[in-house]
Amino acid sequence: MNAIFDATVPCFTYDQQMAPNYYSDLSSWMKRTDLIDAIEEPSAYWTNEIVS
């Protein structure tokens with residue numbers, strides 16, 4: 001079980017290497033395609049916090 005956790009958790013954390021406009025473009029696309037109701041500040045959802 002730990003191997004699965006160790007292999008997948010890094011896939012879901014904020015990547016500091018990504019350009020800031022990537023996340024802006026992503027949230028704009030998600031709003032435009034009705035995947036989200038509103039665009040929020042990236043700090044509201046892109047964190048390195050592990051929630052258990």
Side-chain angles (χ1 to χ4, degrees):
M1 183 66 152
N2 283 343
I4 293 171
F5 184 77
D6 292 341
T8 57
V9 167
C11 298
F12 301 105
T13 55
Y14 182 74
D15 183 354
Q16 300 291 335
Q17 302 296 321
M18 298 297 288
N21 64 331
Y22 170 82
Y23 296 104
S24 175
D25 292 347
L26 176 61
S27 57
S28 295
W29 171 79
M30 291 176 74
K31 172 71 173 122
R32 192 172 56 252
T33 57
D34 294 324
L35 294 172
I36 57 174
D37 294 327
I39 296 175
E40 298 184 26
E41 287 296 314
S43 61
Y45 50 86
W46 293 112
T47 71
N48 282 324
E49 181 181 355
I50 298 175
V51 180
S52 58

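From a predicted model like this one, the values you see are computed outputs, not experimental measurements. Residue numbers start at 1 and run along the sequence shown.
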Residues two or more places apart in sequence or in another chain: which of them pass side-chain contact (heavy atoms from CB on, under 4.5 Å) with I36? M30, K31, I39
side-chain contact (heavy atoms from CB on, under 4.5 Å) partners for D34, two or more places apart: none
Rounded to the nearest 0.5 Å, what's the gap from OH on Y22 to OG on S27? Could you check? 10.5 Å
Got more than 12 heavy atoms from elsewhere within 6.0 Å of CG, N21? yes
